[in-house]
Amino acid sequence: MISRNTGFSNLTAGYLFPEVARRRREYAAKNPQAKIISLGIGNTTEPLSPYIAKAMSDYALGLATPEGYSGYGDEQGNTALREKIAQTLYKGMADASEIFVSDGAKCDISRIQTLFGKNVKVAVQDPAYPVYVDGSVVVGAAGSAKADGSGYEGIFYLPCTPENDFFPDLSKVEKNTLLYICSPNNPTGATMTKAQLQKLVDFANENGCVIIYDAAYFAFIRDSSLPKTIFEIAGAKTCAIEVNSFSKPAGFTGVRLGWTVVPNELKFADGSSVNRDWNRVMTTLFNGASNIAQAGGLAALSEQGLSDMKASVDYYLENGRLIKQTLDGENFRSAGVVSYFTGNGPYVWAKFPNRKSWDVFDMILDKCHVVTTPGSGFGPAGESFIRFSSFGHRADVEEACARLSKLVL
Ligand SMILES: *Cc1c(COP(=O)(O)O)cnc(C)c1O
């Protein structure tokens, strides 16, 4: 019989979110009376902007007419949308030829791994969004899990904790490493300053590293001094790929639309163009984002669409403030819980000293009927932390906060 891809046998446990869902289901089955509220998975909950939805609906109806019908489009994305992204979001910092529209950031991250193959050295922020590591394991760029549970062989973990202001110590990163960086960060919420990002870019340029910059939460940045794209930083074009998405700002988690910026200046060691290979990946392994979703993306970048996206993000940020207020309550503080919320991302990150993340997860599920996400699922340095997500209906967030405020720790 054909043998299994060793990358799969190397993967431990489940992917984090299915495991969270499994525990929730199991708890619900045993406690049918519990009204469970999720502050767990990073999924949007609020309805689409009617303006953006109408653009998709009009486009879909147009497909039923001879004039409006279109089949496959350009695999790189509609020219109009690529140009609109370049103008509206990059304002001259990236050209349309460097922007590739896709079915989402996560999908692009997994395709990026085919671009660098299994011999690349990988470093991740720890904690990190799981696909950077799990995807690396699947393509063989990382080995099996270490026995002590401290991550995978072949992945270089860069702890980002309150102790180092959530900024990685780069001094031990080897040359020619693929560096996964996410800002505003999932799960910690930490958002890099221009000075921090400049340090990172300078390091990458000096050491032959490529940064995969996940900016899926750029729209949550409210502090105007913080960079919304890595291309605001001098030198980024020779060392960075930016992955981005309409999922979180426009509520497109189900619609599916993202993009990746691969600068023309970015080169492999042999001098060949990364942009050209990415074009090859997109044209051979991908067949273009949905044309309906792209019509929605164009609408999202119009004046009305941008204003609707801002309102949606503001709603979630307010949820985040309510959660942060609750975690600042006396019951949490007296138990030594310290929480972090930057106001520039949707997550509140909280440390429960001397406790295991999954234990705290189970306790909050049991006592409050609230689902959270255990920090340890994001990497070894996430142990003892819990991630609270601000994605939720206001009434549910308020109810969850009311229950949390009565929690005896
Ligand atoms: C939600 C999320 C994504 C996923 O984006 P999609 O475009 O929906 O695939 C990517 N990166 C991070 C850090 C996220 O939290």
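Both ligands and their constituent atoms are indexed starting at 1 by order of listing.
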Participant: At what distance is the nearest protein heavy atom to atom 13 (C) of ligand 1, and which residue and atom is it?
Facilitator: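 The closest one turns out to be Asp214 OD2, 3.2 Å.
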Participant: For a ring-ring contact (aromatic ring centres under 6.0 Å, His included) with Tyr347, tell me which candidate from Tyr217, Tyr129, Phe388, Phe166 qualifies.
Facilitator: Tyr217
Participant: Non-hydrogen atoms of Gly42 versus ligand 1: any pair closer than 4.0 Å?
Facilitator: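 Gly42: no contact with ligand 1 (<4.0 Å).
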Participant: With a cut-off of 4.0 Å, which atoms of ligand 1 are near a heavy atom of Gly104?
Facilitator: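 That gives atoms 7 (O), 9 (O) of ligand 1.
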Participant: Measure across Cys160 and Pro127 and return the closest heavy-atom pair with its distance rounded to 0.1 Å.
Facilitator: O-CD, 3.6 Å
Participant: Going through the distances and angles, do Arg23 and Trp358 end up as a side chain to side chain contact (heavy atoms under 4.5 Å, CB included)?
Facilitator: CA-CA 10 Å; Arg23 290 195 189 208; Trp358 278 113; 3.4 Å; yes
Participant: One thing to verify: whether Arg111 and Asp108 come together as a salt bridge, which I'm taking to mean a side-chain N less than 4.0 angstrom from a carboxylate O.
Facilitator: yes
Participant: Before signing off on this row, confirm whether Tyr347 and ligand 1 have an N or O atom pair separated by under 3.5 Å.
Facilitator: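 No; every N/O pair is 3.5 Å or more apart.
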Participant: Nearest heavy-atom pair of Tyr315 and Arg394: which atoms, and what distance?
Facilitator: OH-N, 2.6 Å
Participant: If you count the atoms of ligand 1 from 1 in the order shown, which ones are under 4.0 Å from a heavy atom of Cys182?
Facilitator: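 Ligand 1 atoms under the 4.0 Å threshold to Cys182: 13 (C).
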Participant: Identify, for atom 8 (O) of ligand 1, the protein heavy atom at the shortest distance, and state residue, atom and that distance.
Facilitator: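 Atom 8 (O) of ligand 1 sits closest to the protein heavy atom Ser247 OG, 2.6 Å.
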Participant: Starting from atom 2 (C) of ligand 1, which protein heavy atom do you reach first, and at what distance in Å?
Facilitator: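 Atom 2 (C) of ligand 1 sits closest to the protein heavy atom Lys248 NZ, 2.5 Å.
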Participant: Cation over ring, Arg321 on Phe341, under 6.0 Å and within 45°?
Facilitator: no
Participant: Please state whether the rings of Tyr27 and His369 are parallel, tilted or perpendicular, taking 30° and 60° as the class boundaries.
Facilitator: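 Rings of Tyr27 and His369: tilted, as their planes differ by 30° to 60°.
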Participant: Which atoms of ligand 1 are found less than 4.0 Å from any heavy atom of Ala216?
Facilitator: 10 (C), 11 (N), 12 (C)
Participant: Would you mind checking which non-hydrogen protein atom is closest to atom 5 (O) of ligand 1, with the distance to 0.1 Å?
Facilitator: Ala105 CB, 3.6 Å
Participant: Nearest to atom 4 (C) of ligand 1, what protein heavy atom do you find, and at what distance?
Facilitator: Tyr129 OH, 3.4 Å
Participant: Looking at every heavy atom in both Thr372 and Phe361, which two are closest together, and how far apart are they?
Facilitator: O-CE1, 3.1 Å
Participant: Would you say Lys106 and ligand 1 have an N/O pair spaced under 3.5 Å apart?
Facilitator: yes
Participant: What verdict does the side chain to side chain contact (heavy atoms under 4.5 Å, CB included) test give for Thr229 and Tyr213, after you've listed the backbone C-alpha separation in whole Å, the side-chain angles of each residue and the deciding distance to 0.1 Å?
Facilitator: CA-CA 9 Å; Thr229 155; Tyr213 191 70; 5.8 Å; no
Participant: Provide the number and element of each atom of ligand 1 under 4.0 Å from a heavy atom of Ser245.
Facilitator: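 Numbered from 1, ligand 1 contributes 5 (O), 6 (P), 7 (O).
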Participant: Against ligand 1, does Tyr217 come closer than 4.0 Å with any heavy atom?
Facilitator: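 Yes.
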